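I have placed the structure first, in the form of structure tokens, so that the comments after it can refer back to it.
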Protein chains: 2
Amino acid sequence: MTATTSPRPATSIGDPHVDVPALESVLLGRWGEIRRQARALLTDQRLHRVEGLSMAEHRERVLDQMRILATEGDVLRAFPAVLGGADDHGGSIARFEELIVGDPSLQIKAGVQWGLFASAILHLGTADHHARLLPGAMSIEVPGAFAMTETGHGSDVASIGTTATYDPATQEFVLHTPFRGAWKDYLGNAALHGTAAVVFARLITAPPGGRAVDHGVHAFYVPLRDPQTHAFLPGIGGEDDGLKGGLNGIDNGRLHFDHVRVPRADLLDRYGAVAPDGTYSSPIASPGRRFFTMLGTLVQGRVSLDGASVNVSKVALITAITYGNERRQFTGASDTEEVVLLDRQEHQRRLLPLLAQTYAQAFAHERLLETFDGVFSGVSDTDEDRQDLETIAAALKPASTWHALDTLQAAREACGGAGYLTENRLTSLRADMDVFVTFEGDNTVLLQLVAKRLLTDFSREFADADAGDLARIVAGRAVDAALHRTPLLRVVQTLADVGDARRSAGQVRSTESQRELLSGRVETMVSEVATALRPATKASKERAAVLFDRHQHELIEAARAHADLLQWEAFTAGLEKIEDPGTRQVLIWLRDLFGLILIERNLAWYLIHGRLSAGRARTVTSYIYRLLDHLRPHAKDLVAAFGYGPEHVRAAIATGAEAERQDEAREYARRLRASGDAPAPEKQATAPKQRS
Amino acid sequence: MTATTSPRPATSIGDPHVDVPALESVLLGRWGEIRRQARALLTDQRLHRVEGLSMAEHRERVLDQMRILATEGDVLRAFPAVLGGADDHGGSIARFEELIVGDPSLQIKAGVQWGLFASAILHLGTADHHARLLPGAMSIEVPGAFAMTETGHGSDVASIGTTATYDPATQEFVLHTPFRGAWKDYLGNAALHGTAAVVFARLITAPPGGRAVDHGVHAFYVPLRDPQTHAFLPGIGGEDDGLKGGLNGIDNGRLHFDHVRVPRADLLDRYGAVAPDGTYSSPIASPGRRFFTMLGTLVQGRVSLDGASVNVSKVALITAITYGNERRQFTGASDTEEVVLLDRQEHQRRLLPLLAQTYAQAFAHERLLETFDGVFSGVSDTDEDRQDLETIAAALKPASTWHALDTLQAAREACGGAGYLTENRLTSLRADMDVFVTFEGDNTVLLQLVAKRLLTDFSREFADADAGDLARIVAGRAVDAALHRTPLLRVVQTLADVGDARRSAGQVRSTESQRELLSGRVETMVSEVATALRPATKASKERAAVLFDRHQHELIEAARAHADLLQWEAFTAGLEKIEDPGTRQVLIWLRDLFGLILIERNLAWYLIHGRLSAGRARTVTSYIYRLLDHLRPHAKDLVAAFGYGPEHVRAAIATGAEAERQDEAREYARRLRASGDAPAPEKQATAPKQRS
């Protein structure tokens, strides 16, 4: 593809400049002040990861850090003002996400304590629980575990095996682990520090004189250990999960229960209560809906993992781009001057698309956080809002967690051997982030939830649409740009768009072309898989399951395409917030790079579906190279705008040390040449004596 | 793409069965007996990685393991028989590659000692060095560092800064580090255990009365530390590289030299000697050729990293496929029976293509090792053989090291939270393997070497080819299948093939179609980039450098395509070794899966270049699903044939423990149903009382 040698085109703004402080403010977003405070707190070395600690030492250090957070960390923002909090849901998550630059173990341990354990008491419990149980959880006087996952069941929470059978004679639940697979597992605070837990179990009770009914998963507050001796209470046992691939500052462990008696009052009964006589009641009639409502608070975890992952990607890019901008290797045009890595095409190709995607994810996360805040503050808390929030979180969390791993790895490799040294933190961060792609909802499972929602929207849209309706919907879409600003990009029919996409391919760079290509792909993929799955509605359960499984990969791909689009739309909307024309120009290039990389990644799809001709497909790649040329001079400013200082990045190679070394080496070479004492290279001297 | 629902087609062999022991023998290959011995040795727990050790403890343990190897490990096979070795080059590497299942740190530390330090004395030194220096290096009485890489220069060895200036007055070299960037860095054995090193430095000497000449990089034997006190000798200093992302059983460190005097006799002078009066002589006149000859022994490292990486991919797949075959999650067709993960399409999509590529790489590695053995044994040791060996190693090492990381990560994610536990080893292996992609030649740099070779072959082929020659070459290729059996797949013209490829696309599954598509891509890519670079031959150095850089990514992609083809050809040739018809059928499916995955990965390229129509491109994906269906029942046998036992895999989840848990859980559910005591699910019972 010789198109890559195209000369650098003229641009509307000849030599744009990035206004770093202004861009930093935009990126900090609505909760910028809280983020700044958190970052200021995180300059405190006591909150930094110390490498090389043993697992036991690391766990103790993180527990100490938790105590610092409990007193100095403003960690209760999400709790009600009456309980000492600030009713600030978005701000709480924003703050929490920043903890990751101290130590991911600290962020996750804080998440276990305040985001899961205390939060479950708050959201699943009622006034009595709040009064009795929240203070200890909030102050971490009671370190707590969130005992949902079992060895046998992770993402499929509905199938957990632990049972809580009500005994009206004593007004207690009998909490029991019936087999090894039902042990609670991977729980933070379970191995060591937790003195209580919120335990999820199938609530079984019988109405007076009736048969026992399994009411599905409910949450119970259960003391685990004697607070003094730290010995397990009777009937409770467990194991330490031991070393993990990362996050070793958290004491993950297993728990099992042998007919442990839990007082009736310790069922967290907001969504399901049991009367003294064993009668079950719930404000939500449908067991399925009740289950998903109870699990609704888990979305906090996904939202914050999304934000934390974006933050880690930022840190990795600061390190890799700083180093790539200083490190020299191999001569290029000159015999004596080695080239800065970031001036090499391949280095730009590896790092700058990741930078573009990190920006897209930062903007997407801000929108997700706003949606979250709307729902949790009650400002916009309809069923539909909640479903939208669940779906957006389920789409973005896989995208950003996988992206963080890709970015850390690319950064590590781009820094070579130096990237492998722990002092530069890339490998430790990657080890910690690894589990982000499978916990709090396995990414693959989450994407299937997104796909199901896309299919539901699709069929709802067309359930009783006659030809007239269809036309109206299609026409409506063509003119209604606001559609793309709704949080969830609803699925609409695409047949009429094919022609448009083809026409506009000539301007594949334009915002509208990118949008049509990206949204058209989602719509077509969903429509295709919906058509393929239609027979399932009339098939036997067996046949339907087989059919569904035969399209599992397509469903996941459609969900990923949707997540790509969400990020692209958020980036595009984010451009509106940028007033400085130079900054805006650079950010448009960066958004274009993101859009074109997405298109290039799925180029075969566009070609097969006739959305791009072979000729236009080639131009996608050549535009990408042009954009890399445009963006390269701004790479340093673009990572500076992330707003993390050296005390957050803490990588030896991101401190200018490499530039000093390079300068020293070049100065040595310069002086040697100037001195006239430089030895002649052999090829310029006499041929050496030939030995036989 | 509804084609994925195609019914399972009839096959030539209705229900093939894999003959596991026979397949295992094929995979063990020419050095099977040595591999079996090494694997038997590695059942010894003393050679196993112990997790959770501190860096200091891990280093000591690996040093102890080195001593075990030195006495019991048959580690001297590559050395001459007269020196106590076996003159067995291929066997030595085969054995060495297996060490990785004990602990990758051990493999790499052994590589530093015997494969680099002692090997440099052997290959770069002469009889006196062999007599004086080899015994200590071979017995590890003298643990040694291989001091080539500097902080400032890794892959670009030619530009290192350390100097060794000859002083005829004392007949010594003055070894000196002129600036910080010239510190030797990342050297195994340098931080702690090494008492000597082979140090690479620019040899500077003046003929009597003449001007000093820089003869480029040469190797010197340099004592580092007092063997008793372990204190650095005068003029030598260093630092510990400290913790790394993995391989922490190796004491990597830095070294610097302040005018350290090295006796003239300690220049390893096989390829460059200095007479007492300072006169330089060499059996190789060209400094460039001499440099590459001296670096030629480094190919051992690349060959063995290739083999070791393939072995790690095998271990990862044994774990993931065993677990995926037992673990159940989410119900499918039945309400009560959960589905085994490996029966899910997405799980097959994640793991089976990696299995196919691991087989391809195993076959490719065997051919590489045979080539290596031919060169190092002297059986086929022409310049061309050596260049072929270099190029194949430079192509395969990037492919297998990146593949090992991908495989470990996919395996880790496929095992969910269990995959993150250190007891299942996937995360530790990944951490250790991470550096494989940038050390012993950064993968990106190696691929550029491959690309340069492809370009050279291309231009050589056509340098003085008139039209008649061209036709002959093209015609020759079309009928000469033997061409593809030469170690390096030479680049030939492709214009005439386009039509063929289009015609044969109907049988995209056939061996010949796969070959045409894969080889045609390499040829076209090389031809395109050669055309684009042609102006560079007449351009200024500056312009040429810019032009070259503008095609850097294409060059790398062409080299990767070439590496893909090498693997595919090796797999295809390997099929010939399989006699049992059932096994052969399954392996053909596996090879087809590998070929089609390669084509699918680059589908956009085939579409843009008109090699596949949109319709045919769709069939690629549908064939892949059919192959997954065919292969899924054989997945367990295919990993069993890798021949590693539980004492090599050592993953708690690969021991059948999950199957036991699943059986226990299902038995519990079965008994409960049978007892009539099972609580009714709420949705089948009376609706719960509604609370207000």
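Just so it is clear: chains get the letters A, B, ... in the order the sequence lines come, proteins before strands, and each one is counted from 1. Side-chain atoms are counted along with the backbone in the values below, which use heavy atoms only and exclude waters and symmetry mates. Quick caveat, the model's predicted, so the values are computed rather than measured.
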What I want to find out is whether A/Asp629 reaches B/Arg550 closely enough, with some N-O distance under 4.0 Å, to be called a salt bridge. yes
One pair to check against side-chain hydrogen bond (donor to acceptor under 3.5 Å, both in side chains): B/Gln409 and A/Asp434. What are the steps and the verdict? CA-CA 9 Å; B/Gln409 186 64 22; A/Asp434 184 2; 2.9 Å; yes
Please find the pair of heavy atoms, one from A/His551 and one from B/Gln345, that lie closest to each other, and give the distance. C-OE1, 3.7 Å
With a 4.5 Å cut-off on side-chain heavy atoms, are B/Arg350 and A/Thr444 touching? yes
Between B/Thr151 and A/Arg327, what is the shortest heavy-atom contact and its length? O-NH1, 2.7 Å
Grab the two heavy atoms, one from B/Pro679 and one from A/Val213, that are nearest each other, plus how far apart they are. CB-C, 3.8 Å
Do B/Asp549 and A/Asp343 come close enough that some side-chain heavy atom pair is under 4.5 Å? no
After noting the C-alpha distance and the side-chain angles of A/His553 and B/Gln348, does the key distance pass the side-chain hydrogen bond (donor to acceptor under 3.5 Å, both in side chains) rule? CA-CA 10 Å; A/His553 187 67; B/Gln348 295 168 12; over 6 Å; no
Given heavy-atom pairs under 4.5 angstrom as the criterion, report whether the side chain, backbone, both or neither of A/Arg180 touches chain B. both
Is there a side-chain contact between B/Leu243 and A/Glu423 in this structure, where contact means two heavy atoms from C-beta onward sitting under 4.5 Å apart? no
Whatever's closer than 4.5 Å to a heavy atom in chain B on A/Ser155 counts as both
Closest heavy-atom pair and its distance - B/Glu682, A/Ala285: OE2-O, 3.7 Å
